[in-house]
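Below: one structure in structure tokens.
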Amino acid sequence: MIATSRDPRIQLAYHLLGAVDTAADPALPPRVVRLVAGDGRQFIAKQHAERDRYAGELHAYGAWVTHLTGHAPVLVGRDDATRTLLLTALAGDRADTVAPGSPEEELAHHEAGHVLGKLHRATAIPQGGAVGASLAERFQAWIDRAVHADLLDAAEENLLKHHAAILGASHMESAICHLDYQPRNWLLGDTFGIYDFEHMRRDARVRDFARLEFRRWQAAPHLRTAFFDGYGRSPNDTERRLLESFGAIEAATALVKGHRENDAALSAHGRTVLSRLT
């Protein structure tokens with residue numbers, strides 16, 4: 001028993017559940033812990049390092065995760081002072097642990113499309129120009145960071161600015177988006193589960209496909225097919241062109257974050273996506 005631990009995650013759980021045990025789960029990041037209550041129920045306690053990420057995830061649980069009932073954890077409690085959330089634990093295995101090329105991988109993408117389609121349809125707003133203008137402004141800030149860090153040559157900078165201009169001039173449908181929608185945030189069990197909602201917000205609906213497109217699907221197009229079979233429809237020509245511009249955002253953010261965090265794999269991913277755009 002670790003009910004006397006000074007860890008704020010344990011303290012929150014003890015306050016709400018009574019005595020708890022930790023359960024080893026090497027797949028979880030260091031700021032997240034799996035807990036087992038006295039009656040055997042399992043929970044996840046998550047402490048955010050950044051207040052804006054904590055506020056974003058807390059708002060998501062209150063405003064939008066209700067559209068994912070049965071596919072997402074339930075918020076049990078919180079401690080604003082320590083930026084800690086206590087959530088029910090979903091049963092299942094992370095989708096990024098299934099064998100590449102297996103039927104389970106294809107099923108995961110199909111189910112991921114089905115569940116994301118439900119969220120998007122429940123929260124969609126018709127095409128307008130505000131989303132594109134906001135995206136272009138945020139994208140330009142990432143380009144400026146990349147230029148300041150000397151991560152782009154002149155041709156690459158101009159290419160990214162071209163895509164920022166496309167986004168700024170585009171009308172696009174918005175929806176509540178997960179914005180980190182990829183297998184590491186999916187669980188395969190009796191039901192398909194999703195977690196990690198700290199990036200969730202209203203954004204361009206098509207942007208929710210970008211990480212899958214540029215991190216998974218280009219090397220495995222059958223997974224794209226399975227996803228959109230589950231989603232209910234494939235992107236049209238205009239949306240496919242927009243997805244290229246969202247790939248430009250993916251490239252810029254990966255380059256900047258990879259440089260800032262000394263993450264060679266993320267930097268290489270940014271370079272790969274940038275080369276595909278050229």
Side-chain angles (χ1 to χ4, degrees), residues 26-32 46 48-54 56-57 94-98 100-101 105 108-109 112 134-168 177-186 195-201 203-204 206-221 223-224 227 240-278:
L28 294 177
R31 61 195 173 98
V32 181
K46 178 178 183 179
H48 282 272
E50 300 175 25
R51 184 155 297 279
D52 61 339
R53 294 290 183 224
Y54 169 75
E57 187 151 30
R94 270 180 38 164
D96 61 350
T97 65
V98 303
E105 183 185 40
H109 282 255
S134 176
L135 276 169
E137 182 178 356
R138 295 203 303 270
F139 184 18
Q140 185 59 55
W142 284 105
I143 297 171
D144 293 342
R145 293 184 189 106
V147 170
H148 181 73
D150 198 26
L151 301 175
L152 302 171
D153 63 29
E156 291 167 339
E157 179 184 355
N158 288 334
L159 175 66
L160 295 182
K161 286 182 175 179
H162 169 69
H163 281 288
I166 291 173
L167 291 172
C177 296
H178 185 279
L179 294 178
D180 193 15
Y181 206 63
Q182 52 182 323
R184 72 181 185 188
N185 290 324
W186 306 341
Y195 56 95
D196 205 357
F197 299 104
E198 61 192 66
H199 301 284
M200 198 177 202
R201 65 172 180 265
D203 211 299
V206 177
R207 191 181 178 197
D208 238 359
F209 312 141
R211 290 199 170 174
L212 289 167
E213 175 64 34
F214 292 97
R215 298 189 185 196
R216 294 276 172 164
W217 292 343
Q218 293 192 351
L223 298 178
R224 184 193 296 117
F227 181 93
R240 280 193 288 270
R241 288 192 293 270
L242 280 175
L243 196 52
E244 289 295 304
S245 295
F246 295 134
I249 297 178
E250 173 87 0
T253 56
L255 287 172
V256 172
K257 290 179 180 179
H259 174 74
R260 186 173 63 202
E261 299 167 10
N262 197 28
D263 187 330
L266 189 57
S267 295
H269 170 66
R271 284 281 154 212
T272 298
V273 175
L274 189 59
S275 69
R276 288 173 178 166
L277 296 172
T278 57

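Since this is a predicted model, take the numbers as computed values, not measurements. Just so you know, residue 1 is the first one in the sequence shown, and it goes up from there.
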For this session: Could you tell me whether the side chains of Arg138 and Ser134 share a donor-acceptor contact shorter than 3.5 Å?
Result: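 Side-chain D/A pair, Arg138 to Ser134: present.
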
Exercise. Are Leu159 and Leu274 side-chain neighbours, meaning at least one heavy-atom pair lies under 4.5 Å?
Worked result: yes

Exercise. Residues two or more places apart in sequence or in another chain: which of them pass ring pair (Phe, Tyr, Trp, His ring centres under 6.0 Å) with Phe209?
Worked result: Phe227, Phe228, Tyr231

Problem set entry | Spatial distance of atom CZ (Arg224) from atom CZ (Arg216) [nearest 0.5 Å] |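 One gets 14.0 Å once the value is rounded to the nearest 0.5 Å.
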
Problem set entry | Polar side-chain atom of His178 near backbone of Tyr195 as donor-acceptor pair, under 3.5 Å |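 It does hold such a pair.
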
Exercise. Which pairs count as salt bridge (charged side-chain N to carboxylate O under 4.0 Å, His left out) when at least one residue sits in residues 247-260, sequence neighbours excluded?
Worked result: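 For residues 247-260, and leaving out neighbouring residues, the salt bridge (charged side-chain N to carboxylate O under 4.0 Å, His left out) pairs sorted by first residue read Arg211-Glu250, Arg215-Glu250.
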
Exercise. In terms of heavy-atom contacts, does CG of Asn262 have more than 12 from other residues, nucleotides or ligands at under 6.0 Å?
Worked result: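 It does not: Asn262 CG has 12 such atoms or fewer within range.
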
For this session: Could you grab the distance from atom CG of Asn185 to atom CG of Asp96, nearest 0.5 Å is fine?
Result: 8.5 Å

Problem set entry | Main-chain N/O of Gly101 paired to Glu105 side chain as donor or acceptor, under 3.5 Å |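 Side chain of Glu105 to backbone of Gly101, a donor-acceptor pair under 3.5 Å: yes, one is there.
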
Seminar exercise, completed: Nearest heavy-atom approach of Ala95 to Ala108 is CB-CB, 4.2 Å

Exercise. Which pair of heavy atoms, one from Arg94 and one from Ala27, lies closest together, and at what distance?
Worked result: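 Here Arg94 and Ala27 meet closest at NH1-O, 3.1 Å.
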
Problem set entry | Separation between CG of Leu255 and CZ of Arg271, rounded to the nearest 0.5 Å |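 One gets 5.0 Å once the value is rounded to the nearest 0.5 Å.
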
Exercise. What is the distance from atom CD of Glu244 to atom CG of Leu167, rounded to the nearest 0.5 Å?
Worked result: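 Glu244 atom CD to Leu167 atom CG measures 11.5 Å (nearest 0.5 Å).
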
Exercise. What heavy-atom pair brings Pro183 and Leu212 nearest, and what distance separates the two atoms?
Worked result: CD-CD2, 3.9 Å

For this session: Considering non-hydrogen atoms only, spot the tightest contact between Ile249 and Arg207 and give its length.
Result: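 For Ile249 versus Arg207, the nearest heavy atoms are CG2-NH2, 3.6 Å.
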
Exercise. Can you check whether His199's main-chain N or O pairs, donor with acceptor, with Asp180's side chain at less than 3.5 Å?
Worked result: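 Checked: no pair found.
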
Exercise. Is Lys46 salt-bridged to Glu198, cutoff N-O under 4.0 Å?
Worked result: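 The answer is yes: the pair qualifies as a salt bridge.
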
Problem set entry | Rounded distance (nearest 0.5 Å) linking atom NE2 of His259 with atom CG of Leu151 |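 Rounded to the nearest 0.5 Å, the NE2-CG separation comes to 5.5 Å.
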
For this session: Looking only at non-hydrogen atoms, find the nearest pair between Tyr181 and Asp208 and report the distance.
Result: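 Taking every non-hydrogen atom into account, CB-O, 3.9 Å.
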
Exercise. Should Glu57 and Met200 count as side-chain neighbours, where that means a heavy-atom distance under 4.5 Å?
Worked result: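 Result no, sub-4.5 Å side-chain heavy-atom pair not found.
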
Problem set entry | Atom pair CG/CG of Leu179 and Asp196 - distance to nearest 0.5 Å | 11.5 Å

Problem set entry | Side-chain heavy atoms of Leu160 within contact of Trp142, under 4.5 Å |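 Result no, sub-4.5 Å side-chain heavy-atom pair not found.
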
For this session: Please name the pair of heavy atoms, one in Ser245 and one in Ile166, separated by the smallest distance, quoted to 0.1 Å.
Result: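 Result for this residue pair: OG-CG2, 3.7 Å.
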
Exercise. Do the side chain of Glu156 and the main chain of Asp153 share a donor and acceptor less than 3.5 angstrom apart?
Worked result: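 Between the backbone of Asp153 and the side chain of Glu156 there is a qualifying donor-acceptor contact (under 3.5 Å).
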
